Amino acid sequence: MSRRPNIKAVIVSVYGTILEKMEPQSDADARWQALWQERFGEPARLDLAALNAATDAEVAREEALMRKAGIPNPVAFWPRAVMAALPELERLPADARHDFLYVYAQLRSPTRAVAGAVLALRKMHRWGLVLGIVSNGYPHTAVELALALENNRGLAAAFLPVGLEPGHTEQAAVAAAELSIFTRPLCFWGFAHGFGKPDLHVFCHLTTRLGLRDIKPEETLIVGDSEADDLAPARAFGWQTWQLAPRPITDVPRSGNWFSVTEWLGLE
């Protein structure tokens, strides 16, 4: 079956689209205390709630400075905010610090794959669609993508590399050795640039990168969950849009879950 719309590239958001954030587990603080005791041999100076608050305050402070400097859509570098809240992390070697930050991120807000996302992306890739990512994200986001399917290493490996340094964990390093289904030049990570969605410069950058591959804006589909952050700025550059939601949204022409996306693309 041929694809109904003339789509050559699909750019996807991450959180709320491929991954969903969940509430911390009930024993998260106890696990945090155990992590600190294991790494530093002493009780944690801050409990998990206090660390989250301190980290959020550092993020807000950094982004306020960036706005004052003239950056309207700043994205703070999250590890720097955590380390400002926890200067003790300087005592860890770099690799151990990356691991620590990843574990803390999962205690703070664990993630899991959105239903149907991985199968849909794999199907798009098999049909020859060019795939990219637009996400403000964190340095550990690519690791979350890889490990979202920890029980199936073959599929998990397909998520890395996606324009970030591989590794943070041994599993992710192994996954990074595999060919990614995503095209590196079409992966925009806001945290790596200091600004991100919904800044129009993000979508201008990706439109230019797509053009270098002879892919026109009208041949590009963005799949995201946010009208304001994903769809509206993409539409400003002539992209087609799909608002990801559990079910179709009234008055939104293209909306619904991942199964609906692949059906619209004619990949069923």
Side-chain angles (χ1 to χ4, degrees), residues 1-20 113-137 141-142 145 148-149 155 158-159 162-163 179-190 196-268:
M1 181 185 298
S2 61
R3 294 191 296 274
R4 291 194 295 270
N6 183 28
I7 297 296
K8 295 182 179 179
V10 179
I11 309 297
V12 295
S13 178
V14 175
Y15 294 112
T17 304
I18 304 175
L19 297 174
E20 57 181 328
V114 172
V118 174
L119 292 177
L121 290 167
R122 296 284 293 183
K123 184 175 292 187
M124 292 174 191
H125 180 63
R126 286 198 304 270
W127 276 72
L129 293 175
V130 177
L131 298 180
I133 286 173
V134 57
S135 174
N136 292 351
T141 302
L145 286 171
L149 295 173
L155 290 178
F159 281 121
V162 287
L179 178 65
S180 172
I181 64 174
F182 296 105
T183 301
R184 278 178 178 253
L186 299 180
C187 294
F188 187 98
W189 299 96
K197 303 183 301 181
D199 199 305
L200 291 176
H201 290 85
V202 172
F203 296 86
C204 181
H205 169 88
L206 286 170
T207 300
T208 300
R209 291 295 186 111
L210 287 158
L212 293 172
R213 294 175 173 270
D214 295 323
I215 299 174
K216 300 173 183 177
E218 62 270 23
E219 297 171 331
T220 303
L221 177 72
I222 184 169
V223 179
D225 66 306
S226 171
E227 166 65 25
D229 290 346
D230 302 321
L231 310 188
R235 199 178 292 119
F237 286 91
W239 297 15
Q240 299 198 53
T241 63
W242 187 283
Q243 187 164 1
L244 195 77
R247 58 191 61 84
I249 302 171
T250 304
D251 299 328
V252 177
R254 289 185 293 274
S255 62
N257 59 26
W258 278 106
F259 303 102
S260 300
V261 178
T262 55
E263 182 179 4
W264 180 76
L265 287 169
L267 308 185
E268 296 301 316

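Along the sequence shown, residues carry numbers from 1. Since the structure is predicted, the reported quantities are computational estimates derived from the model, not experimental observations.
Inter-residue side-chain proximity for Leu129 and Leu265 is flagged as met; some heavy-atom pair is nearer than 4.5 Å. Contact of the Phe182 side chain with the Val12 side chain is registered, since non-hydrogen atoms from C-beta on lie closer than 4.5 Å. In this structure, the side chains of Lys8 and Val130 stay at 4.5 Å or more apart for every pair of heavy atoms. Considering only heavy atoms from C-beta on, Met124 comes within 4.5 Å of Trp258 through its side chain. Contact check for Pro246 versus Asn257: no side-chain heavy atoms found under the 4.5 Å cut-off. Side chains of Thr141 and Tyr15 form a contact here, defined as non-hydrogen atoms less than 4.5 Å apart. Counting only heavy atoms from C-beta outward, the side chains of Glu227 and Arg235 approach each other to under 4.5 Å.
Rounded to the nearest 0.5 angstrom, His201 NE2 and Cys204 SG are separated by 7.0 Å. Note that the OG1 atom of Thr220 and the CG atom of Leu206 stand 9.0 Å from one another [nearest 0.5 Å]. Annotation: the span from Leu131 atom CG to Ile181 atom CD1 amounts to 5.5 Å, rounded to 0.5 Å. With values rounded to the nearest 0.5 angstrom, Ile11 atom CD1 is found 13.5 Å from Thr241 atom OG1. Atom CH2 of Trp189 sits about 4.5 Å away from atom CD1 of Ile133, to the nearest 0.5 Å. Atoms OG1 and NZ, from Thr262 and Lys123 in turn, are 5.0 Å apart once rounded to the nearest 0.5 Å.
For Thr17 against Gly224, the heavy-atom pair with the smallest separation is OG1-CA, 3.5 Å. Contact detail for Gly137 and Ser135: the closest heavy-atom pair is N-OG, 3.2 Å. Nearest heavy atoms, Ala113 versus Val118: CB-CG2, 4.4 Å. Closest approach of Ala228 to Pro233, counting heavy atoms only: O-CD, 3.3 Å. What you find for Pro217 and Thr207 is that their closest heavy atoms are CG-CG2, 4.0 Å.
Formation of a donor-acceptor pair under 3.5 Å by the Trp242 side chain with backbone atoms of Leu231 is not found in this model. With hydrogens and angles ignored, the 3.5 Å screen pairs no side-chain donor or acceptor of Arg209 with any backbone N or O of Leu186.
Judged as a side chain to side chain donor-acceptor pair (under 3.5 Å), and not counting sequence neighbours, Glu218 has no contacts.
Of the listed residues (Ile249, Thr250, Asp225, Leu244), just one forms a side chain to side chain contact (heavy atoms under 4.5 Å, CB included) with Ser255, and that residue is Ile249.
Taking the six-membered ring where tryptophan is involved, the planes of Phe203 and Trp239 are perpendicular, since the angle between them exceeds 60° and thus also 30°.
No hydrogens or angles considered: a donor-acceptor pair under 3.5 Å links the side chains of Ser13 and Lys197.
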* Asked: What's the verdict on side chain to side chain contact (heavy atoms under 4.5 Å, CB included) for Trp264 and Leu221, showing C-alpha distance, side-chain angles and the deciding distance?
  -> CA-CA 11 Å; Trp264 180 76; Leu221 177 72; 3.9 Å; yes

